Amino acid sequence: MSKRRVRVRFAPSPTGPLHIGGVRTALFNYLFAKKHGGDFLLRIEDTDQARYVPGAEDYIQEALEWCGIKVDEGPKQDGQFAPYRQSERKDLYRQYAEQLLESGHAYYAFDTPEELDQARTDAEAKGETFTYNALSRCVMKNSLSISEDDCKTLLASSIHHVIRFKMPDNLDVTEVDLIRGSVTFNTSTLDDKVLFKSDGMPTYHLANVVDDHLMEISHVIRGEEWLPSMPLHVLLYRAFGWEDTMPRFTHLPLILKPVGQGKLSKRDGDKMGFPVFPLLWKDPETGDTSRGYREDGFFPDAFINMLALLGWNPGTEQEIFSMKELCEAFSLERVGKSGARFDPEKTNWFNHQYFIKKPDEELGELLLPFLKEKGITAELSMAARVCGMVKERCNFVSEIWDQSYFLFEAPTTYDEKIVAKRWKDDVPAIMGEIAEFFGTVEQWNAPEIKEPFSVLVTAKGWNFGTVMNSLRLCLVGGSFGPDIFEICDLIGQEETVSRIRKAIEKI
RNA sequence: GGUCUGUUCAUCUAAGGGUUAGGAUUCAAGAUUUUCAUUCUUGCCAUAGGGGUUCGAAUCCCCUACAGACUACCA
C-alpha cells in the first residue's frame, strides 16, 4: 500500500474567488505530487447549487495557471477518471448511499428543516446543544424510529427525505495525520451527518469520499478546518469496505491575519491595502472588485515562493526557490503545525528579490504600457536601459515611473525642501557656468563628462555637495535617482543644458 | 458550551534532551553611494505561565492560560 502511485487532488467549491489559503493548499498538494512523481488533480466540488457562483470555476483554473500549478487531470484537462465536476457525477452517488443503507451504516430521515430548527431551539432553551446521534435519533422521524411500512409509505410519497450516516456509539476512532501525528476522536461527540440531501445531491462528505476512492487518491492534503470531519471520513471508508486503499490524511495549518486574531479574510486585505486573492475578482452579483496579486504587479514565482514558505521551511537557510526547486525540496514533515500569520511586507520583499533578478529587457517590456499611459512612446531598448538604472529602487514595475520620469521628460516642479536647502544665492550663477561648460563637452557619455567636470569644480573652488545636489535638482527636480552623469548621458547634451537653464529661470 | 488542534524575537521560522537559542523580514544606528535606493556592519528583540521526569528540557509528561478550527440538507 505504500507502493501506491501518489495521486492528490485540490477540491475547491466554486463559491467565489480562490483566496491565498486555497492557493497554498493547491500548491502544497502540487509540490507533494511532483516530489513523488505523482498526479495532481483538480476536482470541482459543486454539490451545493445554491452557493454556485458563475465564473468562480474559470477563476480557479486561471489562478492555478498563473501560479504555474499545472493540473494533470481536471475538468479542462480531462483524464481517465472524468468527469471531474461533481455536478456531472451526480448519478453516481445515489448507489453508494444505497449501499450504506443496505449494510445498515445509514438510514432515511424525514425530519423537515423546520422540525430540526425546532429541536435545536428547544435544546438551546435548556442550555444544551441538539445533536442528531445515537441518543436522539430514536425520537426523530427516520427509518430507525418508525415502522418499516410507514417508512415505505413515506418513501413512496414524494415527501422530502435525506440519508444520514448512522454514527456508531462510543467508539474511539484513531487516525494518523501526517503533520500532527495520531489523532483520536470518540464517536459519541459526533453526529449523524447527512450524506445525501433531499435535492438529490450528495453532501460534501459522501461525494468527497466516493470520489477520492474512485479517483484512486493516495493522499488527502487539505485545510485544518477539515480535521474535525476526519473521523467521519475514516468511518465512511470502513463502512464501504475501502479501508485498505484509504488515503493518508494531512491537515494544513491556517493562514492568520497580519494583526489581531483569527484567520485571514478579505476584509484584512481591504483594510491594510494588500490583495488576498491571486487574481482580480469582480463579483458578478454586486459588481464589487477585489484586488489580485497579478494585477498588483507581483510575479507569480515570487508569490508562490512567499506562499510556500508560509508554514513550510526547507530546513536550510535558502529562501529563494523556483517552482522546480520547491518540487524537489518539499516534504510534508517540514510543514509546521501552527497557524502562520500573513506578512504583506515580506511578500513585497520576495517580489523585490525576483524583480531585481529579471533581465532589463523583460522589465522594459512590462514598463512600456505604463509609459504609454503617461503619453510616452519609447523604444524597448530605452525602456530596458531605464529599468536597469532604477530597478534596485523598486519592488514593482508600477514604481519605475516615479523613479525615472525625469529620464523621459524634464521636471516641471522642484522639491521645495531641497530648493531651500541647496539653492543658495550663488547657485544660479554657478549653474550657468556649468551649463556653459556642458555645451563644450565633445564626447557626450558618462565618463567623458565626469572627468572634466570634476576638474572644473575643483579649479573653481566650488563646494562639491552644493554643486552636485543643485545640478541634480535641475535635472531631476528632487534629491533622488541614479548617478548624475548617467542621467546626463541618457537624456543627451542638449536636454541637459536646457534643463539647467530652465531651472535657473524657474526656481 | 462540547470536541479537536495549536503556542520560540513585532512577523515567518531553525534547533526534534546538552549551542552564547540560529537565520530571514520589519524597525533603529553606522559605513558606502558627494542624492535616493542598493550593499555592508551593528543593534533591538523570543522559548505563554506553573508543576514534574532528568546530571541536563524550547524539546518528554501533567495542569492552567490564551488562540484557532469545527459543531448546517455549506464546502
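By convention in this document, chain letters (A, B, ...) are assigned in the order of the sequence lines, proteins followed by strands, and residues within each chain are numbered from 1. Computed from a predicted model, the values in this text were never measured in an experiment.
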Item to check | Atom-pair distance (CG on A:Asn133; P on B:rA72), nearest Å | outcome: 12 Å
Checklist entry - Quantified in whole Å, what is the P atom distance between nucleotide B:rC36 and nucleotide B:rA29? => result 13 Å
Checklist entry - Of all the choices, B:rG1, B:rC73, B:rC12, which nucleotide is nearest to the side chain of A:Thr129 once you look at every atom? => result B:rG1
Next on the checklist: So for atom CD, which belongs to A:Glu285, do other residues, nucleotides or ligands contribute more than 12 heavy atoms lying within a distance under 6.0 Å?
Outcome noted: no
Checklist outcome for this item: Ranking B:rU26, B:rG1, B:rC4 by distance to the side chain of A:Glu345, first place goes to B:rU26
Checklist entry - Crowded around A:Lys166 NZ? As in, over 12 foreign heavy atoms under 6.0 Å? => result no
Checklist outcome for this item: A:Gln261 CD to B:rA10 P, in whole Å, measures 16 Å
Checklist entry - Which whole number of Å gives the distance between the P atom of B:rU7 and that of B:rA48? => result 9 Å
Checklist entry - Hey, does the side chain of A:Thr131 come within less than 4.0 Å of B:rU71's phosphate (OP1/OP2), counting only N and O? => result no
Checklist entry - In whole Å, what is the span from the CD atom of A:Glu224 to the C1' atom of B:rA67? => result 11 Å
Checklist entry - Could you give the OH-to-P distance, from A:Tyr204 to B:rU71, as a whole number of Å? => result 12 Å
Item to check | Among B:rU5, B:rU35, B:rC70, the one nearest A:Arg180 by side-chain distance | outcome: B:rU5
Checklist entry - Quick one: A:Glu392 CD to B:rU33 P, roughly how many Å, whole number? => result 17 Å
Next on the checklist: So does A:Cys394 get a backbone contact from the side chain of A:His352, meaning a donor-acceptor N/O pair under 3.5 Å?
Outcome noted: yes
Item to check | Minimum-distance nucleotide to A:Pro113 side chain [options: B:rC73, B:rC70, B:rG1] | outcome: B:rC73
Item to check | N/O (side chain, A:Arg472) to phosphate O (OP1/OP2, B:rC36) under 4.0 Å | outcome: no
Checklist entry - Do any side-chain nitrogens or oxygens of A:Arg120 fall under 4.0 Å of OP1 or OP2 in B:rC73? => result yes
Checklist outcome for this item: Out of B:rA14, B:rC4, B:rU35, minimum distance to the side chain of A:Ser479 belongs to B:rU35
Item to check | Length of the line joining A:His233:NE2 and B:rC4:C1', which is rounded to integer Å | outcome: 15 Å
Checklist entry - Phosphate oxygens OP1/OP2 of B:rU7: is one of them under 4.0 Å from a side-chain N or O of A:Arg341? => result no
Item to check | Nearest to side-chain heavy atoms of A:Ser338, which nucleotide of B:rU35, B:rG6, B:rC4 | outcome: B:rG6
Checklist entry - Across the strands shown, which category fits A:Asp402 at heavy-atom distances under 4.0 angstrom: base, sugar-phosphate, nothing? => result nothing
Item to check | B:rA14 - base-pair partner by Watson-Crick or wobble geometry, distances under 3.5 Å | outcome: none
Item to check | Complement of B:rC40, any strand, by Watson-Crick or G-U distances under 3.5 angstrom | outcome: B:rG30
Checklist entry - For the pair made of CG in A:Asp191 and P in B:rC70, what is the distance, rounded to whole Å? => result 15 Å
Checklist entry - For B:rU8, which nucleotide in any strand shown is its Watson-Crick or wobble partner with both distances under 3.5 Å? => result none
Next on the checklist: At less than 4.0 Å, is any side-chain N or O atom of A:Asn469 found next to OP1 or OP2 of B:rU35? Yes or no.
Outcome noted: no
Item to check | Separation of B:rG2 P from A:Tyr132 OH (nearest whole Å) | outcome: 25 Å
Checklist entry - Of all the choices, B:rA75, B:rC73, B:rC12, which nucleotide is nearest to the side chain of A:Ser198 once you look at every atom? => result B:rC73
Checklist entry - How far does the P atom of B:rU35 sit from the matching atom of B:rG43, given to the nearest Å? => result 26 Å
Checklist outcome for this item: If pairing means Watson-Crick or G-U wobble with both distances under 3.5 Å, then the partner of B:rU71 is B:rG1
Item to check | Nearest-neighbour nucleotide for the A:Lys337 side chain, B:rA75, B:rC73, B:rG6 considered | outcome: B:rG6
Checklist entry - Of all the choices, B:rC36, B:rA14, B:rA69, which nucleotide is nearest to the side chain of A:Asn313 once you look at every atom? => result B:rA14
Next on the checklist: So, does A:Lys197 get its side chain near the phosphate of B:rA75, meaning an N or O under 4.0 Å from OP1 or OP2?
Outcome noted: yes
